[in-house]
Amino acid sequence: MTLADRATIGNMGPEYGATCGFFPVDGETLRYLNMSGRAKDRIALVEAYSKAQGMFRDNDGEDLVFTDTLELDLGDVVPSMAGPKRPEGRIALENIASGYKDALTDMYKKDASEYGKRYPVEGTDYDLGHGDVAIAAITSCTNTSNPSVLIAAGLLARNAVAKGLKSKPWVKTSLAPGSQVVAEYLEKAGLQKDLDALGFNLVGFGCTTCIGNSGPLPAPVSKTINDKGLIAAGVLSGNRNFEGRISPDVQANYLASPPLVVAHALAGTVTKDLTTEPIGEDQAGNPVYLKDIWPSSKEVQEFIEKYVTRELYESKYADVFKGDENWQAVQIPDGQTYAWDDHSTYVQNPPYFVGMTQEPAGVKDIEGARVLGLFGDKITTDHISPAGSIKAQSPAGEYLIANGVGIADFNQYGTRRGNHEVMMRGTFANIRIRNHMLGPNGKEGGYTIHYPSKEEMSIFDAAMEYKKEGVPLVIFAGGEYGNGSSRDWAAKGTNLLGVRAVIAESYERIHRSNLVGMGVIPFTFEDGASWESLGLKGEETVSIDGLADIKPREKKIAKVTFADGTVKDIPILCRIDTLDELTYVNNGGILQTVLRDLAE
């Protein structure tokens, strides 16, 4: 297996539930280091060190011991994509069309009669329907520095252009590889001109569509999608497709290899089975199938050997640490510590240590807490953590405008993650999150009901009102709370909003740990209970006693007082799982624990 393929698999660890995917160092690793322009002494050091540590794998592998082994018949492996909402939702290519049709009614609650309807797009000569691809993006996540899939995408584009195929006019296309070397070898191989012909022009390097940076859709397309309530599709070569992340206009998003991204730009829809139906027609009107333009593995490998060379890496990255003239022009302040700029809208001094004493104050009981949100199952860290574009009509957008930032310069949450003022305003602000406190027909987005005023407002504004009132907060949720990838701010934002505890049916393991690390106590319901079975509406108050001497996995009681004065004792299990985690919580979080340890 090539190192690029190993890296793709290793980097997707979070998507298949692992902490990491690991491949030992071996001859292929050393070959790649040499090919990618590393210095000879560095390569020798890698080899010597990994062998001394017992981490080098020889070709025979006779000395390896595995605790478990799996068998995989490569004949069972089929082209696949993932969607329409989560990266673990793998679907065989042949089932994409039928899967979308089922999702339209089951997941997006559209009437089956709407499937196949077309609506004219103002000012154009085309129409749109459910499942049409509005975005097709080769973007920089995970696999887009892997030459085998990038060359394959270029060759597929070349073959498509030769047959007269074009991307559908409603598809917004882009190419944003993760490495400048990619742009260079596509250019040298003559494949960039074919990608350009299909609209896959180079737009930059780094995170684009995968973090909501595709930019707005053409206004007529956006208007048709929203006026007609269309569930448009996005196809991207990233590794994240959580709700609300890719584009506010595109709800069904599929992860695919770069050549399949190009294929879907040509087809213009996910309602077509590309394994059996034509992808388009050639100049003579004959049907063209995906198999007709798909390049062979042999051809891909020949292009890699010819165009992906050590000289290419050396020329592109000879001065990589110098940067261009813009980087060189950055003024660097003197001093041993960071010079905080109170006027910066990108980096601010976070308040984690405000009021911190040398000795920990301990954990206070939760008394009379209000409910900030009632959430359902599979609330991901993308629902919780700020991700994607920033709306002008949002607490984060209002903050930036008030600080002199124009809407065109908002950038997105990922680039402003060093400013807690932006990020806490974007916590629970996902456009697709549903807070059930607003009722079964309540609007989507980061809203809640403030009590006792009963006023509907943004989750951020409500949290700040409660903070002024000195009222602690809790969150109730369903199963698999916190799965996903945008993990650090999902916990940090929760802490900064004043949430003391989360009570859920179950957690994604890393988010549970991160909540603990930020001093937020995770609990789970006992005896198969849920906030729904208990009849909670969000207007209740919650108290949890005995936290000063709480122990890992200790059973506690949440005393819930309903609006009519009824009190229920709800058994809950503390999900502080270890003594180390207990130390973090007693210190107020892992940051405070580390700082106190350093001071000591």
Below 4.5 Å, heavy atoms only, C-beta onward: do [X] and [Y] meet side chain to side chain?
X      : Y      : answer
Leu573 : Phe525 : no
Arg6   : Thr29  : yes
Val203 : Leu175 : no
Thr415 : Arg417 : no
Val261 : Phe200 : yes
Ile211 : Ile246 : no
Leu290 : Leu260 : yes
Pro147 : Phe303 : no

Is a side-chain N or O of [X] found less than 3.5 angstrom from the main chain of [Y], in a donor-acceptor match?
X      : Y      : answer
Asn495 : Met518 : yes
Arg310 : Asn34  : yes
Gln53  : Met55  : no
Asp377 : Gly479 : yes
Arg245 : Asn430 : no
Asn419 : Gln348 : no
Asn11  : Ala7   : no
Glu184 : Val181 : no
Glu480 : Asn483 : no
Glu28  : Leu3   : yes

Is the NZ or CZ atom of [X] positioned over [Y]'s six-membered ring, under 6.0 angstrom from the centre and within 45° of the axis?
X      : Y      : value
Lys291 : Trp294 : no
Lys188 : Tyr307 : no
Lys85  : Tyr254 : no

Test side chain to side chain donor-acceptor pair (under 3.5 Å) applied to Thr276 and Asp273, step by step: CA-CA 6 Å; Thr276 59; Asp273 180 359; 3.1 Å; yes
Under 3.5 Å, is there a donor-acceptor pair between the [X] and [Y] side chains?
X      : Y      : value
Thr380 : Asp382 : no
Ser148 : Asn146 : yes
Thr8   : Asp5   : no
Arg416 : Asn411 : no
Tyr413 : Ser389 : no

Determine, step by step, whether Ser80 and Arg90 satisfy the side chain to side chain donor-acceptor pair (under 3.5 Å) criterion, reporting the C-alpha distance in whole Å, the side-chain angles of both residues, the deciding distance to 0.1 Å, and the verdict. CA-CA 7 Å; Ser80 299; Arg90 187 187 72 83; 2.8 Å; yes
Please determine whether side chain to side chain contact (heavy atoms under 4.5 Å, CB included) holds for the pair Ile390 and Val422, giving the CA-CA distance in whole Å, both sets of side-chain angles, and the decisive distance to 0.1 Å. CA-CA 9 Å; Ile390 301 170; Val422 172; 4.3 Å; yes
About how many Å separate [atom2] of [Y] and [atom1] of [X], when rounded to the nearest 0.5 Å?
X      : Y      : atom1 : atom2 : answer
Leu186 : Ile151 : CG    : CD1   : 5.5 Å
Ser50  : Phe56  : OG    : CZ    : 5.5 Å
Lys492 : Thr494 : NZ    : OG1   : 12.0 Å
Ser98  : Asn95  : OG    : CG    : 4.5 Å
Glu508 : Ile379 : CD    : CD1   : 14.0 Å
Thr381 : Asn514 : OG1   : CG    : 9.0 Å

Flag yes if more than 12 heavy atoms outside Phe321 fall under 6.0 Å of its CZ atom; otherwise flag no. no
For atom CZ of Phe22, decide whether the heavy atoms of other residues, nucleotides or ligands shown that lie under 6.0 angstrom number more than 12.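 Atom CZ in Phe22 is crowded, with more than 12 foreign heavy atoms closer than 6.0 Å.
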Please find the pair of heavy atoms, one from [X] and one from [Y], that lie closest to each other, and give the distance.
X      : Y      : result
Ile384 : Ala490 : CG2-O, 3.6 Å
Pro386 : Thr427 : CG-N, 3.7 Å
Tyr507 : Val502 : OH-O, 2.7 Å
Ala233 : Val250 : C-CG1, 3.3 Å
Val262 : Leu195 : CG2-CD2, 4.3 Å
Thr271 : Gly131 : CG2-CA, 4.0 Å

Apply the test side chain to side chain contact (heavy atoms under 4.5 Å, CB included) to residues Val149 and Ile138: give CA-CA distance (whole Å), side-chain angles for both, the deciding distance (0.1 Å), then the verdict. CA-CA 10 Å; Val149 290; Ile138 300 175; over 6 Å; no
Indicate, with yes or no, if the rings of His383 and Phe428 have centres closer together than 6.0 Å. no
Does [X] pair with [Y] as a salt bridge, N-O distance under 4.0 Å?
X      : Y      : result
Glu581 : Arg553 : no
Glu302 : Lys306 : no
Glu299 : Arg158 : yes

Worked check of side chain to side chain contact (heavy atoms under 4.5 Å, CB included) between Val347 and Tyr338: CA-CA 11 Å; Val347 182; Tyr338 184 76; 3.9 Å; yes
In sequence, state the C-alpha distance, the side-chain angles, and the governing distance for Glu444 and Arg434, and then conclude on salt bridge (charged side-chain N to carboxylate O under 4.0 Å, His left out). CA-CA 5 Å; Glu444 289 181 317; Arg434 186 175 292 280; 3.7 Å; yes
Working for side chain to side chain contact (heavy atoms under 4.5 Å, CB included), residues Val308 and Met35: CA-CA 8 Å; Val308 185; Met35 186 274 295; 4.0 Å; yes
Take the angle between the ring planes of Tyr313 and Tyr32 and call it parallel below 30°, perpendicular above 60°, tilted in between. perpendicular
Evaluate the criterion side chain to side chain donor-acceptor pair (under 3.5 Å) for residue pair Thr208 and Thr139; output intermediate values, then yes/no. CA-CA 6 Å; Thr208 50; Thr139 185; 2.7 Å; yes
